[in-house]
Each structure stands twice: as structure tokens, then as C-alpha cells.
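Bear in mind that the values here come from a model prediction, so they are computed numbers and not experimental data. Every heavy atom of this structure was used, including side-chain atoms; hydrogens, water molecules and symmetry mates were not. Each chain gets a letter, A, B and so on, in the order the sequences are listed, and its residues count up from 1.
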Amino acid sequence: MERKLIVLCGPTASGKSACAVDLCRRVGGAVVSCDSMQLYRGMDIGTAKPTEGEMRGIPHLMLDVLEPGEACSAARYRELVLPLIDQRFEQGVQPVLCGGTGLYINALTKPLGFSIKGDDALRAELEQLPRKTLHDMLAGIDPASAARLHMNDTRRVVRAIEVYKLTGKTLTEQMSLDQARPADYPARLFALSWPRERLYARIDARVDEMIGAGLVNEVKNLLNNGLSIGSTAMQAIGYKEIAQALSGAISMDEAVSLLKQATRNYAKRQLTWFTQDARVCWVSAEDRSISEITDEIINNLEGKTR
RNA sequence: GCCUCGGUAGCUCAGUUGGUAGAGCAGUAGACUGAAAAUCUACGUGUCGGUGGUUCAAGUCCGCCCCGAGGCA
């Protein structure tokens with residue numbers, strides 16, 4: 001079979017998970033989660049991880065593959081998922097990538113290079129320096145990257161300097177080398193679209209459901225198991241707000257409204273990411289059943305105009 | 001009824017000795033190549049509660065009225 005990925009992306013709470021399951025049932029596929037937080041064990045409710053029941057017997061990969069204390073990255077995700085995807089293709093199973101982490105999707109479907117491993121010590125050292133100094137330093141070694149990156153974007157400025165210090169090649173040079181290679185897989189991207197107000201209302205409702213389903217206890221358990229506030233997993237929306245409430249810094253009501261707000265802000269960032277990606281085919285989800293939506297996606301895949 | 005403190009952007013509030021107003025958050029738009037649910041950027045005209053007055057000029061001073069909070073009867 002042709003090794004082409006089907007990708008279901010789009011903002012949080014748009015209905016991706018259920019749609020991915022339906023799609024897999026129709027095309028003989030397996031869901032491959034592409035979500036930077038669902039890969040942590042013990043983070044279920046707050047990440048809206050599909051339940052056993054919601055999976056409806058469809059295999060789901062890349063859920064619960066890391067401990068919450070472990071750090072992940074787009075590169076690490078790619079290393080973990082590549083063999084799994086290849087295995088499905090061998091078996092004649094169509095992988096359906098499903099998730100909202102745009103960078104992770106691009107790590108598989110675009111020729112991004114992740115060849116230069118990060119160096120925590122070097123980063124920590126560079127981060128001590130003033131922003132201006134860092135940006136000037138970058139301008140001296142890689143003017144193109146310096147021009148592209150804002151002085152306040154310390155994270156990326158540091159990364160660009162790091163690449164040069166570790167390899168002697170500028171990030172700009174490295175990126176053009178990477179782009180000469182093909183992406184891991186060709187892909188067809190789909191995203192579910194909603195009017196903004198409807199999406200925000202779905203987010204608010206889902207947060208209330210999460211609280212009802214025991215999100216607070218989930219966060220308590222993670223903290224009791226020694227997960228530190230500073231870890232990647234604790235940066236997840238919902239977890240950081242509830243942790244604040246548990247520490248007494250804010251009330252639980254405040255935490256819930258902050259959580260809703262943070263989720264809406266996140267959805268907006270995802271919308272920006274995916275609408276700027278010309279490959280994405282948007283499928284309206286408003287007032288349509290899952291099967292109508294998957295019909296449209298399948299017709300599109302088969303080259304029929306709906 | 002009297003006294004005090006408030007009433008300024010969707011919200012929380014700044015506003016120096018009078019020169020027609022500005023922050024944070026929200027919102028909107030954008031960026032994103034080993035932290036990405038992270039990180040970063042841009043965008044701020046609103047009967048300054050209402051109304052009279054003083055003044056060349058009032059969010060700012062004075063009178064009255066309305067609304068809110070508190071106190072005293």
C-alpha cells in the first residue's frame with residue numbers, strides 16, 4: 001500500500017478523537033496520537049485522552065508512552081513514533097495521525113531536521129545572559145536567524161546559538177540542508193472547523209466535564225507521586241491551574257476559569273498554526289454527525305469532490 | 001436622613017500642582033525546525049456616571065442629581 005499518512009489536526013475540543021476512530025473503522029486504520037501531553041501516563045482527564053470505550057476497539061498508539069517526569073520534544077516524539085508507523089504500514093494498517101501539536105505533525109510530514117541534540121548545560125549558561133547580548137551574539141554568527149527572531153524570543157535565540165556552538169554550522173545552513181531531504185511520509189491533512197463562538201463554548205463545557213470527571217484528583221495524584229511543578233508535564237493546561245489552586249494560591253473557581261481561558265488561548269494558537277498551513281483541508285463540523293464528516297474526508301481522499 | 005469612599009476601554013485599575021487619557025488581563029491578528037498544552041510579536045477613542053458652573057482650558061476644582069460599598073442615626 002502507499003505509505004501516506006492521514007492526519008486529523010485542528011484545535012482542541014473540535015472533535016478530532018471521535019472522528020479519527022470513525023475514520024479508522026472505515027479505512028482499516030489505527031489512531032496515532034500526535035499530542036505532546038497525551039503521551040504521559042496518568043494524565044488522562046485533563047488531556048482529554050480517549051477512554052477505552054471511546055476507542056471502540058481501534059488501536060491507539062503513542063498514548064501513555066512516557067512518565068510525567070520525563071521530558072519530550074518533537075525529535076523524541078519522532079524517534080518513538082517512526083518505527084510504530086512503519087510497522088502499521090507493513091501490516092497493511094493505515095495510520096491516522098490525530099492530534100493538535102502542530103510541530104509534532106510537521107516533524108513527520110515536513111523535512112524538518114532534528115539532527116542536532118540540545119545541550120541543557122549550554123542552554124542554561126546562555127540563558128543567564130541578557131536578551132540583548134544573546135541577540136547580538138546571534139547576529140554575529142547567523143544574521144539571517146537573528147533577523148528572523150525577535151530579541152525577546154530567548155528560547156529560539158538560544159537554540160540558534162546552540163546549533164552553531166555544537167556544530168560550527170549556523171541554524172540557517174542546517175535548515176537548508178534539512179530541507180534538501182524528503183519528509184518522512186507524504187500526508188493528507190484534515191482539520192475540523194467550527195465557528196469561533198461554538199468552539200469556545202465547547203471548550204468551556206468540556207472543562208466543566210473534566211472537573212466533574214475528577215481532574216482535581218488526577219492532579220493531586222500526580223503531585224503526590226512527586227511530579228514537580230516545573231516539569232514539562234506540569235506545564236499542561238489544566239494541570240498547572242489546578243496545582244495552583246491545590247497550593248492555595250488561588251481558589252478552585254478561579255482555577256477553573258483560568259483553565260477555560262488558557263484552553264481558549266491555546267485553541268487560538270492552534271488555529272493560527274493550522275490555518276497558515278496550506279496543506280490542511282478544513283471540514284466543517286458544525287451541526288454534522290461524525291459519519292457525515294468522515295464521509296467528506298474519505299471522498300476527499302479518494303479524489304472525489306463532495 | 002446624615003457622613004465617608006468609589007463610579008475612567010469587555011474586566012481590574014493608573015491618571016502627577018487643571019492642558020480633551022494609559023497599563024495589565026481579555027479579545028483579534030501573527031510567528032513557530034530537539035521545551036510547542038511551551039515560548040514570542042503586533043494592535044488601545046473610551047458620552048472619563050449625569051448635569052450645571054468656575055476657567056482660555058476640567059477625568060482633574062465647585063454645586064446638584066443618579067448608582068454602588070461602608071459607617072452613623
Side-chain angles (χ1 to χ4, degrees), chain A residues 9 11-13 33-40 43 45-49 66 68-80 99-120 122-124 127 131 134-135 142 144-145 147-160 162-163 166-167 169-181 183-184 196-197 200 203 206-207 210 230-243 254 257-277:
Chain A
C9 55
T12 190
S33 171
C34 193
D35 183 294
S36 66
M37 293 297 162
Q38 287 186 355
L39 41 76
Y40 290 113
M43 296 175 65
I45 297 169
T47 63
K49 196 179 288 175
L66 295 177
E70 293 182 82
C72 192
S73 67
R76 176 109 194 259
Y77 172 81
R78 177 172 171 271
E79 283 163 15
L80 291 170
T101 305
L103 181 62
Y104 288 13
I105 293 172
N106 285 355
L108 300 177
T109 63
K110 283 189 167 186
L112 304 188
F114 291 110
S115 37
I116 300 113
K117 201 168 159 53
D119 180 329
D120 289 340
L122 178 56
R123 285 180 189 181
E127 277 163 12
R131 297 167 172 200
L134 286 170
H135 198 260
D142 183 356
S145 290
R148 192 170 58 82
L149 297 173
H150 193 277
M151 193 180 79
N152 291 344
D153 200 350
T154 308
R155 194 172 276 199
R156 292 191 177 79
V157 172
V158 165
R159 171 62 183 164
E162 175 187 67
V163 167
L166 293 175
T167 66
K169 271 199 284 268
T170 65
L171 179 61
T172 304
E173 288 167 342
Q174 190 58 50
M175 275 164 46
S176 68
L177 287 176
D178 293 332
Q179 272 155 21
R181 296 200 309 257
D184 294 318
R196 187 70 59 90
E197 305 69 36
Y200 285 0
I203 287 170
R206 193 171 71 172
V207 168
M210 286 176 177
S231 63
T232 305
M234 268 324 231
Q235 291 180 5
I237 294 168
Y239 297 84
K240 54 175 175 252
E241 290 83 4
I242 300 296
E254 283 173 310
S257 75
L258 282 174
L259 199 176
K260 288 176 179 174
Q261 191 152 90
T263 310
R264 283 185 244 119
N265 293 161
Y266 171 50
K268 167 61 184 113
R269 270 178 269 132
Q270 291 176 302
L271 283 168
T272 299
W273 182 286
F274 294 118
T275 53
Q276 294 306 118
D277 188 335

When we call it a touch if two heavy atoms are under 4.0 Å apart, what does [X] touch: a base, just sugar-phosphate, or nothing?
X: A:Glu241; answer: nothing
X: A:Arg76; answer: nothing
X: A:Arg148; answer: sugar-phosphate
X: A:Glu162; answer: nothing
X: A:Ser36; answer: base
X: A:Arg131; answer: nothing
X: A:Tyr200; answer: sugar-phosphate
X: A:Asn106; answer: nothing
X: A:Thr154; answer: nothing
X: A:Lys240; answer: sugar-phosphate
X: A:Gln276; answer: sugar-phosphate
X: A:Gly102; answer: nothing

When you compare [N] with [M], how far apart are their [atom1] atoms, in angstrom units rounded to a whole number?
N: B:G49; M: B:G59; atom1: C1'; value: 12 Å
N: B:U4; M: B:U41; atom1: C1'; value: 46 Å
N: B:G46; M: B:U8; atom1: P; value: 16 Å
N: B:A26; M: B:G71; atom1: C1'; value: 35 Å
N: B:U45; M: B:U54; atom1: C1'; value: 28 Å
N: B:G6; M: B:A29; atom1: C1'; value: 37 Å
N: B:G18; M: B:C62; atom1: C1'; value: 13 Å
N: B:A14; M: B:A21; atom1: C1'; value: 10 Å

Secondary-structure string, 5' to 3', Watson-Crick or G-U under 3.5 Å, | for another-strand partners, for RNA chain B: (((((((..((((.....[..)))).(((((.......))))).....(((((..]....)))))))))))).
Pair A:Arg148-A:Thr172, side-chain donor/acceptor within less than 3.5 Å: no
For A:Tyr77, all residues meeting ring pair (Phe, Tyr, Trp, His ring centres under 6.0 Å), sequence neighbours excluded: A:Tyr104
Contacts of A:Glu254 that satisfy salt bridge (Lys or Arg N to Asp or Glu O under 4.0 Å) - sequence neighbours left out: none
Under the salt bridge (Lys or Arg N to Asp or Glu O under 4.0 Å) test, residues paired with A:Arg196 that sit two or more places apart: none
Measure from the side-chain N and O atoms of [X] to the backbone N and O of [Y], and report whether any donor-acceptor pair falls under 3.5 Å.
X: A:Thr167; Y: A:Lys169; result: yes
X: A:Glu241; Y: A:Leu259; result: no
X: A:Arg76; Y: A:Ala71; result: yes

Side-chain heavy-atom pair A:Glu173, A:Asp178 within 4.5 angstrom cut-off: no
Residues forming a side-chain contact (heavy atoms from CB on, under 4.5 Å) with A:Asp184, sequence neighbours excluded: A:Arg78, A:Leu82, A:Leu108
Test log, rule side-chain contact (heavy atoms from CB on, under 4.5 Å), inputs A:Asn265 and A:Arg269: CA-CA 6 Å; A:Asn265 293 161; A:Arg269 270 178 269 132; 4.0 Å; yes
Closest-nucleotide 5' rank along RNA chain B - winner of A:Tyr239 and A:Val163: A:Val163
RNA chain B: 5'-proximal contact among A:Gln261 and A:Asp119 (nearest heavy atom): A:Gln261
Chain A contact limits on RNA chain B, taken 5' to 3' with a cut-off of 4.0 angstrom to heavy atoms: B:A26 to B:U41
Pair A:Thr263-A:Arg206, side chain to side chain donor-acceptor pair (under 3.5 Å): steps then yes or no: CA-CA 10 Å; A:Thr263 310; A:Arg206 193 171 71 172; over 6 Å; no
